[in-house]
Amino acid sequence: EIVLTQSPATLSVSPGERATLSCRASESVRSYLGWYQQKPGQPPRLLIYDVSSRATGIPARFSGSGSGTDFTLTISSLEPEDFAVYFCQQRFNWPRVTFGQGTRLEIK
Amino acid sequence: QVQLVESGGGVAQPGRSLRLSCAASGFSFNTYGMHWVRLAPGKGPEWVAVISYEGSTKYYADSVKGRFTISRDNSKNTLYLQMNSLRTDDTAVYYCAKALGDMYYFDSWGQGTPVTVSS
């Protein structure tokens with residue numbers, strides 16, 4: 001099983017500032033990594049797939065980068081609605097995809 | 001737009017069974033593989049099972065293999081998850097999810113149905 005480790009567990013950032021979230025894979029997942037956002041009481045929402053492709057309707061302030069084992073989700077200028085939990089997910093060894101444990105982005 | 005509505009969750013004792021359903025609308029259900037994903041409190045999501053668009057191919061997470069069965073009825077636009085021999089660590093919110101094209105990312109999710117396994 002490919003283990004995804006997200007850091008930090010909690011990130012405190014002020015609105016308008018940049019947020020950088022990390023995801024590290026236990027082995028290479030090439031470019032097959034995505035990111036989700038989840039707010040309380042809602043299902044996860046796909047933000048980014050295959051490292052850097054934004055899903056439909058996702059604002060340009062969300063961007064992804066990385067390859068192999070180290071990946072980053074960047075939110076360039078935080079809006080109030082961006083404070084949520086973020087998960088990474090690999091699809092390299094489908095069907096047994098795996099997710100990270102999440103990073104909580106909170107208001108500073 | 002895509003709509004997925006799960007039902008069938010609830011409280012069950014260890015060793016008992018539950019059957020989840022997911023009613024789909026707003027897309028061509030019979031052309032997409034469909035998944036079940038669960039989210040336990042304090043943990044990241046866990047992929048549970050997938051079924052191909054016509055129902056002939058199924059895969060399961062090791063944690064549920066032999067206990068859970070995924071199925072679909074394309075005439076009713078409905079996805080199912082039969083959960084037998086439930087364990088306390090099956091406690092989670094269960095979501096049905098539609099894949100992004102033929103990629104194993106999930107671009108549409110239901111609101112989820114909670115399952116609690118407790119004696």
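Just so it is clear, the model here is predicted, and its values are computed rather than measured.
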**OP:** Establish whether B/Val50 and B/Tyr95 are linked, either directly or via other cluster members, by ILVMFWY side-chain heavy-atom contacts under 4.5 Å.
**Re:** yes
Subject >> Contacting moiety of A/Phe87, where chain B heavy atoms sit under 4.5 Å >> reply: side chain
Subject >> Heavy atoms of other groups near B/Arg16 CZ, more than 12 under 6.0 Å >> reply: no
**OP:** Please look at B/Val37 and chain A and tell me whether the side chain, the backbone, both or neither of the residue comes under 4.5 angstrom of a heavy atom of that chain.
**Re:** side chain
Original post:
Quick one: do A/Ile107 and A/Tyr86 end up in the same hydrophobic cluster if we chain Ile, Leu, Val, Met, Phe, Trp and Tyr together by side-chain heavy atoms under 4.5 Å apart?
Top reply: yes
Original post:
Do the charged groups of B/Asp62 and A/Arg96 touch, with an N to O distance under 4.0 Å?
Top reply: yes
Subject >> CA sep, side-chain torsions, deciding dist, call: A/Tyr49, B/Leu100, side-chain contact (heavy atoms from CB on, under 4.5 Å) >> reply: CA-CA 9 Å; A/Tyr49 63 94; B/Leu100 177 65; 3.6 Å; yes
Subject >> Non-hydrogen side-chain atoms of A/Gln101 and B/Lys43 separated by less than 4.5 Å >> reply: no
Original post:
Taking the side chain from B/Tyr105 and the backbone from A/Leu33, do they hold a donor-acceptor pair closer than 3.5 Å?
Top reply: yes
Subject >> Winner by heavy-atom pair count (cut-off under 4.5 Å) against chain B, out of A/Gly102, A/Pro44, A/Cys88 >> reply: A/Pro44
Original post:
Got more than 12 heavy atoms from elsewhere within 6.0 Å of CG, B/Asp102?
Top reply: no
Original post:
Which atom names give the shortest non-hydrogen contact between A/Gly41 and B/Gln111, and what distance separates them?
Top reply: O-OE1, 3.6 Å
Subject >> chain B contact via A/Gln89 - which portion, at a heavy-atom distance below 4.5 Å >> reply: both
**OP:** For the pair A/Trp94 and B/Tyr59, name the ring-plane relationship: parallel under 30°, tilted 30 to 60°, perpendicular over 60°.
**Re:** perpendicular
**OP:** Kindly indicate whether the side chain of A/Gln38, heavy atoms from C-beta on, has any atom under 4.5 Å from the side chain of B/Leu39.
**Re:** yes
Original post:
Considering residues, nucleotides and ligands other than A/Arg24, do more than 12 of their heavy atoms fall under 6.0 Å from its CZ?
Top reply: no
Subject >> B/Val93 with A/Val97, same ILVMFWY side-chain cluster at under 4.5 Å >> reply: yes
Subject >> Heavy-atom pair of closest approach, residues B/Pro45 and A/Gly100 >> reply: CD-O, 4.1 Å
Original post:
Should B/Ile51 and B/Val2 be regarded as members of a common hydrophobic cluster, given that ILVMFWY residues are connected when their side-chain heavy atoms come within less than 4.5 Å of each other, either directly or indirectly?
Top reply: yes
Subject >> Derivation of the side-chain contact (heavy atoms from CB on, under 4.5 Å) call for A/Asp50 and B/Met103 >> reply: CA-CA 10 Å; A/Asp50 285 354; B/Met103 295 185 284; 3.6 Å; yes
**OP:** Look at the side-chain heavy atoms of Ile, Leu, Val, Met, Phe, Trp and Tyr, link any pair under 4.5 Å apart, and say whether A/Tyr32 and A/Leu21 land in one connected group.
**Re:** yes
Original post:
Just wondering, are more than 12 heavy atoms of other shown residues or ligands nearer than 6.0 Å to CZ in B/Phe27?
Top reply: yes
**OP:** Could you grab the distance from atom CZ of A/Phe99 to atom CD of B/Glu46, nearest 0.5 Å is fine?
**Re:** 10.0 Å
**OP:** Could you tell me whether the side chain of A/Leu46 reaches within less than 4.5 Å of the side chain of B/Phe106, counting heavy atoms only?
**Re:** no
**OP:** With rounding to the nearest 0.5 Å, note down the distance linking OG in B/Ser108 to CZ in A/Arg45.
**Re:** 12.0 Å
**OP:** Please look at A/Tyr36 and chain B and tell me whether the side chain, the backbone, both or neither of the residue comes under 4.5 angstrom of a heavy atom of that chain.
**Re:** side chain
